[in-house]
Amino acid sequence: MHENPPARRRGRSRREQRRRRRARRRRITWTVTSVVLISGAATYAITGTDSGESSAPAPAKAPSSPAVSARAKAGEAPADTPEPVPSPTSTLKPFDLEPALAPVTALFGDNRMSVAMLDVESGAMATYGHDAFDTASIVKVDILATLLLQAQDEGRRLTTEERAQSAAMIQKSDNDSTSALWTRIGSAPGLDAANERLGLIQTQGGEGTVWGITQTTAEDQIRLLQSVFGDKSPLSEASRAYIQDLMQHVVGSQTWGVSAAADSGTTALKNGWLKRTQTKKWDVNSIGRIQHDGRVYLMAVLLNNCSTQEVGISIVEQATRASATAFSRKLKENPTT
């Protein structure tokens, strides 16, 4: 009569111990990943017109619980939420861009660069470098994708204010609008939660209010672009169309970057640039969708440690043209690369 209750308690105790061990393992894995991704980033302050620096507090917001949204118009009401998808990068062996970029990298000095390209039709990839970089303002695409995912979960349309801030953030790279939306999505925790659903595995949100030092890789930016421009995405069709439209209509002074390799059709892009306070060096990045030599590419070029913004833009555009030319030639020689 007195043996069963203690046995049940022991069983519950063992289950509880196993649950706690699993939880500890999950926490340990996340901590190690965070250290690798953001190592060194917090040691810098940032200045410049595209810094991502904000003096307003950014309290963390818990991710919204999943919900099915109502039908809505692009940019206002997301459609029904698709199922999350795994990392969308190609399973084919990437084409190595290093030989094609040798004339560009010879000019580098202390610069570091990474390039990734995806041929939309074949799914073939081309890459150079795998380091993590500051996002600067290319993170604004990720912030908008997060905002739209959260709106989908909540079954609502973007507010008039959110639409105005989103347009200013993408089309004009307005930092005040970005800081407001960064707070709205829950800062880094909100961004990181959305990125799990978007398939990003090498991106870590910036600390506190400094969204511009979010860390990412060129390959992760291709994953983000596939979630924006591809059909297999947790973003609804309406949400994807809204982001695409804004990226296709950035102000003229910000149409440099991956557009340098575009020879036809509509280019959609977002650029980022910031100057580091301690080093006085510039980070210059460009991501987007281009058409080149009859093919459609998703492309990301990340560059840091430039002496000036103008030098960085020049290197990014040279790398863009060299990469697109070499990759297109390779795909013509072997379409199944």
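Note that the coordinates shown come from a computational prediction; the quantities given were computed from them, not determined experimentally.
- Without hydrogens or angle criteria, Glu219 side chain to His130 main chain gives no donor-acceptor distance under 3.5 Å.
- The side-chain heavy atoms of Ile138 and Asn271, taken from C-beta on, include no pair separated by under 4.5 Å.
- With respect to the salt-bridge test (charged N to carboxylate O, under 4.0 angstrom), the residues Asp134 and Arg276 qualify.
- Note on Arg112 versus Asp283: no salt bridge recorded, every NZ/NE/NH1/NH2 to OD/OE distance being 4.0 Å or above.
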Pair Glu161-Arg184, salt bridge (charged side-chain N to carboxylate O under 4.0 Å, His left out): steps then yes or no: CA-CA 12 Å; Glu161 182 181 37; Arg184 170 64 185 86; over 6 Å; no
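- With sequence neighbours excluded, no residue forms a salt bridge (charged side-chain N to carboxylate O under 4.0 Å, His left out) with Arg329.
- You'll find the side chain of Gln150 reaches within 4.5 Å of the side chain of Thr146, heavy atoms only.
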Arg295/Asp263 under salt bridge (charged side-chain N to carboxylate O under 4.0 Å, His left out): CA gap, chis, key distance, verdict: CA-CA 10 Å; Arg295 291 182 176 271; Asp263 53 17; over 6 Å; no
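- Not counting sequence neighbours, the partners of Tyr297 by the ring pair (Phe, Tyr, Trp, His ring centres under 6.0 Å) test are Phe327.
- Note that Arg240 lies outside the cation-pi zone of Phe229, set by a 6.0 Å cut-off to the ring centre and a 45° limit from the axis.
- Every residue meeting the side chain to side chain contact (heavy atoms under 4.5 Å, CB included) condition with Asn111, not counting sequence neighbours, appears here in chain and number order: Phe108, Leu303, Asn305, Cys306, Ile315.
- Scanning for side chain to side chain donor-acceptor pair (under 3.5 Å) contacts around Asp293 gives Lys332, with sequence neighbours left out.
- A 4.5 Å side-chain heavy-atom check between Trp273 and Trp256 finds at least one atom pair inside the cut-off.
- The only member of Leu198, Val139, Thr214, Asp192 that meets side-chain contact (heavy atoms from CB on, under 4.5 Å) when paired with Thr203 is Thr214.
- The closest donor-acceptor contact from the side chain of Thr279 to the backbone of Lys281 lies under 3.5 Å.
- Screening residues 314-327 for side chain to side chain donor-acceptor pair (under 3.5 Å) gives Ser314-Gln318 as the qualifying pairs, with residues at least two apart or on separate chains.
- With sequence neighbours left out, Ala168 forms a side chain to side chain contact (heavy atoms under 4.5 Å, CB included) with Asp174, Ser177.
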